[in-house]
Amino acid sequence: MEYLDSLNPEQRLAVEHTDGPVMIIAGAGSGKTRVLTYRIAHLIYEKGVDAFNILSLTFTNKAAAEMRHRIETLAGLEARNTWMGTFHSVFAKILRVEAPKIGYPSNFTIYDSDDSKSLIRTIVKEMRLDDKVYKANAVLSRISGAKNRLITWKVYQDDPYVKADDEAAMKPKMGEIYQRYQDRLFKAGAMDFDDLLFNTNVLFRDHLDVLNKYQQRFRYVMVDEFQDTNLSQYLITKKLAAVHQNICVVGDDAQSIYAFRGADIQNILNFEKDYPDLFVVKLEQNYRSTKTIVDAANSIIDKNKAQLKKNVWTSNGEGDLIELIKASTDSEEGRIVASTIFEERNTKKLNNSDFAILYRTNSQSRAMEEALRKLNLTYKIVGGLSFYQRKEIKDLMAYMRFTVNPVDEEAFKRIVNYPKRGIGDTSVDKILVAAFDHDMQLWEVVQNAHSFIGGRAASQLDDFATMIKAFKIEVERKDAFEAASSIAKQSGLLRELYEDKTIEGLNRYENVQELLNGIKEYVDNEENEDKSLGSFLQEIALLTDNDRDKDTTDSITLMTIHSSKGLEFKQVFVVGLEEDLFPSQMMMQSREDLEEERRLFYVAATRAMDKLYFTYALTRYRYGRLLNCEPSRFLEEVSPDCIKVSKKVSSKEMSGAFRREGLPGTSESSGYIGIKKKPESRMPTAMKIHTPSPDFKPSNTNNLKAEQLIEHPKFGFGKVQKIETEGINRKATIQFEHFGEKTLLLSFAKLRIID
DNA sequence: CTGTAGTAAGTTTTT
DNA sequence: CTTACTACAG
């Protein structure tokens with residue numbers, strides 16, 4: 001096989017060792033995707049395995065699409081028959097066939113996290129609990145964490161440790177919320193993201209015939225980005241591979257960045273224990289980046305304790321040093337990045353698509369966008385507020401969802417009175433209560449509205465029911481596109497949007513049209529066998545904004561570091577390297593958290609092939625307030641040999657920023673400025689005297705009032721005298737115990753409000 | 001039941 | 001700056 005000649009010895013081992021359990025530890029830029037595609041081709045053409053018997057699981061739809069494309073190029077159309085997709089999409093597809101076995105309808109709805117949160121809010125309200133204690137986000141992530149570890153509500157409630165945990169957090173009702181949440185999902189014929197995996201586990205546990213069917217079908221199982229699997233996903237693959245034992249996992253523990261959604265790095269660290277005869281290959285040669293970049297990335301990741309030993313190296317040249325750019329404001333940061341790209345592009349004859357700007361949070365894209373637009377540079381944003389999360393899109397989808405699955409509670413609440421048809425909150429509540437009390441299906445109650453609620457609303461509901469019935473008939477007779485267009489028109493939704501002549505209204509109208517176009521495309525696509533609306537809805541529920549076709553014009557890529565995984569660019573800007581932003585303050589609760597942020601930093605750095613830039617700003621707007629920032633600790637952790645301090649900062653802005661900060665240093669505002677060890681002057685002497693309480697956490701100062709007791713990290717305890725507003729700035733005059741009266745800019749000051 | 005005005009609180013990453 | 005929720009008038 002001559003194509004094997006293009007591989008290095010380790011890669012070749014990984015490709016040729018097809019049978020039995022295999023773990024491929026693939027360092028950044030080591031040609032992992034190449035190995036995976038060659039491996040599949042090898043299975044099909046050398047080992048004579050039917051493509052139909054190969055299952056490859058990835059974490060994003062994009063990665064799956066990329067892999068499918070590369071395999072087709074390499075191995076031809078035969079390879080199209082391999083099962084390839086994300087965990088969620090593959091098992092949603094299987095559940096669509098098998099769901100009735102575990103009591104769900106096969107046209108079950110998939111709730112996205114907005115639906116889930118809304119349901120949790122309803123439940124918390126129904127239980128008459130304090131929604132400030134039981135915040136939807138926190139409750140959902142707790143439940144999600146349990147599900148990812150396959151803990152049912154029953155086990156959750158019976159576990160004394162969990163109970164102690166919840167009680168310590170003053171949230172003893174968590175178990176009951178979990179139970180009710182699960183019950184309501186079941187009644188609404190709905191699964192949330194975690195359920196797709198959880199229920200697959202249940203299915204395989206309780207129906208051995210079904211498990212056996214898929215075990216026979218998937219003789220070869222491959223898992224990409226294995227470091228990001230959670231327990232639930234791991235157990236599914238383990239079960240599937242139990243008979244043939246042909247499981248191949250590919251991953252890099254150094255790039256595990258999804259702990260927040262249950263990824264367990266122990267899966268990769270302990271894999272060997274589950275498979276004693278495991279064959280391990282390490283791909284350590286990096287083909288992507290310059291030596292400087294590889295060294296810099298290694299210097300950061302080496303600080304982590306939890307990792308597998310490996311030595312990523314490269315034979316590439318040294319390349320340029322990493323440029324460190326300091327800006328005074330976030331908008332200046334944007335301007336410098338934009339002008340640097342402009343210059344580099346022209347002097348080195350590069351395309352826009354050779355550049356990427358990576359940030360920690362989506363909100364950072366704004367400043368970058370503005371600067372790029374001013375220089376007329378074409379860019380595209382990956383991710384961010386998803387198309388599918390827009391109100392108008394969710395509204396139309398809710399109509400479609402309710403038509404297909406008329407017990408879908410969240411969809412019902414969304415559309416029953418939109419556009420307005422005289423059915424208010426009171427009536428909606430009555431319907432829901434009636435369904436609950438009589439243990440009836442939502443749709444039955446709606447159809448018999450007169451028996452449950454009287455008056456005007458009842459006859460309005462009759463009209464609503466008639467409309468939905470008409471939709472149902474359309475859905476049965478027509479394909480997804482025709483049914484959806486008809487629903488958009490008949491529901492009055494299109495008219496409502498059409499009549500809104502504001503710019504936003506126009507956009508919303510166009511978005512709905514775009515969704516309809518998407519449905520048309522789906523219907524016209526030969527590969528989709530089932531062209532019903534129900535089937536389309538299941539597909540779309542698992543799509544993210546990253547999966548929509550963006551126009552293919554040559555553009556600079558803007559995205560979060562999380563979505564950059566697996567990609568590479570000639571030049572990469574990692575922006576916003578400020579303490580509390582990256583590493584994120586919300587993450588910095590434990591050593592594990594810091595290590596995950598380091599891995600994230602590692603991922604960002606290793607995206608670059610030729611040149612890497614780090615930038616940070618001294619002040620930044622967040623939530624409409626100007627905050628001051630300090631350089632990220634990562635800038636001190638990264639090997640100084642790899643970094644060159646660069647870029648002039650305009651002296652005017654610089655001194656302005658320093659003055660605002662009330663810092664000395666105006667004199668160094670011209671010339672080259674780098675990170676210095678935090679100057680003494682930046683650390684008020686007060687800090688040496690007052691140590692903040694161990695649990696010090698800044699509070700939201702929105703509601704700060706006179707007489708309020710507060711704690712300041714540097715000045716200690718004090719009492720608020722008065723609050724004034726000056727332009728966009730709010731100032732508080734505070735009488736401190738030991739430091740007398742001080743006036744602080746609230747946007748700068750971190751205060752803990754003592755209740 | 002609907003619309004408006006005002007208040008409160010949240011801001012990480014993704015399937 | 002945003003979004004979600006509440007109170008109150010019509």
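Lettering of chains follows the sequences in order, A, B, ..., and the numbering in each one begins at 1. Worth knowing before you read on, the calculation uses all heavy atoms, side chains too, and leaves out hydrogens, waters and symmetry mates.
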Undergrad: According to side chain to side chain donor-acceptor pair (under 3.5 Å), who are the partners of A/Tyr214, at least two apart in sequence or on a separate chain?
TA: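 With sequence neighbours excluded, A/Tyr214 shows a side chain to side chain donor-acceptor pair (under 3.5 Å) to A/Glu98, given in chain and number order.
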
Undergrad: Look at the side chain of A/His88 and decide which nucleotide, out of B/dT15, B/dT13, C/dC5, has an atom nearest to it.
TA: B/dT15

Undergrad: Applying side-chain contact (heavy atoms from CB on, under 4.5 Å), can you list everything that pairs with A/Glu496, at least two apart in sequence or on another chain?
TA: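 A/Glu496 satisfies side-chain contact (heavy atoms from CB on, under 4.5 Å) with A/Tyr418, A/Pro419 once adjacent residues are dropped.
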
Undergrad: Using a heavy-atom distance cut-off of less than 4.0 Å, which residues of residues 127-139 of chain A contact DNA chain B?
TA: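 Only A/Lys132, A/Lys135, A/Asn137 qualify.
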
Undergrad: Please answer whether B/dT13 and A/Phe260 are stacked, defined here as ring centres separated by less than 5.5 Å and planes angled under 30°.
TA: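 Yes; centroid distance and tilt both under limits.
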
Undergrad: B/dT12 base to A/Arg360 side chain: any donor-acceptor pair below 3.5 Å?
TA: yes

Undergrad: Could you go over nucleotides 7-10 of chain C and give all protein N or O partners under 3.5 Å, atom names and distances?
TA:
none

Undergrad: Using a cut-off of under 3.5 Å, enumerate the N/O to N/O pairs linking the protein to nucleotides 2-5 of chain B.
TA:
| unit_1 | atom_1 | unit_2 | atom_2 | d |
| --- | --- | --- | --- | --- |
| B/dT2 | OP1 | A/Gly422 | N | 3.2 |
| B/dT2 | OP2 | A/Asn417 | ND2 | 3.0 |
| B/dG3 | OP2 | A/Lys420 | NZ | 2.8 |

Undergrad: Below 4.5 Å, heavy atoms only, C-beta onward: do A/Thr560 and A/Tyr359 meet side chain to side chain?
TA: yes

Undergrad: Residues in side-chain contact (heavy atoms from CB on, under 4.5 Å) with A/Gln255, at least two apart?
TA: A/Ala28, A/Gln227, A/Asp252, A/Lys565, A/Tyr602, A/Val603, A/Arg607

Undergrad: Applying side chain to side chain donor-acceptor pair (under 3.5 Å), can you list everything that pairs with A/Glu369, at least two apart in sequence or on another chain?
TA: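 A/Glu369: side chain to side chain donor-acceptor pair (under 3.5 Å) contacts with A/Ser365, A/Tyr379.
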
Undergrad: Holding to side-chain contact (heavy atoms from CB on, under 4.5 Å), I want the full list of residues that pass it with A/Lys394, two or more places apart in sequence or in another chain.
TA: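 For A/Lys394, the residues satisfying side-chain contact (heavy atoms from CB on, under 4.5 Å) (neighbours in sequence not counted) are A/Asp112, A/Asp114, A/Asp115, A/Arg414.
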
Undergrad: Of all residues at least two apart in sequence or in a different chain, which pass the side-chain contact (heavy atoms from CB on, under 4.5 Å) check with A/Val133?
TA: A/Asp130, A/Lys171

Undergrad: Distance-only criterion, 3.5 Å: show the donor-acceptor pairs between side-chain atoms of residues 136-150 of chain A and protein atoms not counting sequence neighbours.
TA:
| unit_1 | atom_1 | unit_2 | atom_2 | d |
| --- | --- | --- | --- | --- |
| A/Asn137 | OD1 | A/Lys117 | NZ | 3.4 |
| A/Ser141 | OG | A/Ala138 | O | 3.2 |
| A/Arg142 | NE | A/Tyr156 | OH | 2.9 |
| A/Arg142 | NE | A/Asp166 | OD1 | 3.1 |
| A/Arg142 | NH2 | A/Asp166 | OD1 | 3.1 |
| A/Ser144 | OG | A/Asp194 | OD2 | 2.9 |
| A/Lys147 | NZ | A/Gln182 | OE1 | 3.1 |
| A/Lys147 | NZ | A/Asp192 | OD1 | 3.2 |
| A/Lys147 | NZ | A/Asp192 | OD2 | 2.7 |
| A/Lys147 | NZ | A/Asp195 | OD1 | 3.0 |
| A/Lys147 | NZ | A/Asp195 | OD2 | 3.4 |
| A/Asn148 | OD1 | A/Asn230 | ND2 | 3.3 |
| A/Asn148 | ND2 | A/Ser144 | O | 3.3 |
| A/Asn148 | ND2 | A/Arg261 | O | 3.2 |
| A/Arg149 | NE | A/Gly145 | O | 3.3 |

Undergrad: Just call it for A/Ser427: base, sugar-phosphate, or nothing, with non-hydrogen atoms closer than 4.0 Å on any strand.
TA: sugar-phosphate

Undergrad: Students often get this wrong, so: under 4.0 angstrom with heavy atoms, is A/Phe87 touching a base, only sugar-phosphate, or nothing?
TA: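 No contact at all - A/Phe87 keeps every heavy atom at 4.0 Å or more from the nucleic acid.
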
Undergrad: Checking A/Asp462 now: which residues fulfil side chain to side chain donor-acceptor pair (under 3.5 Å) with it, not counting sequence neighbours?
TA: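 Listed in chain order: A/His450.
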
Undergrad: Among B/dC1, C/dT2, B/dT14, which is the nearest nucleotide to the side chain of A/Arg366?
TA: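 Nucleotide nearest to A/Arg366's side chain: C/dT2.
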
Undergrad: With sequence neighbours excluded, tell me which residues meet side chain to side chain donor-acceptor pair (under 3.5 Å) with A/Ser89.
TA: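 A/Ser89: side chain to side chain donor-acceptor pair (under 3.5 Å) contacts with A/Thr86.
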
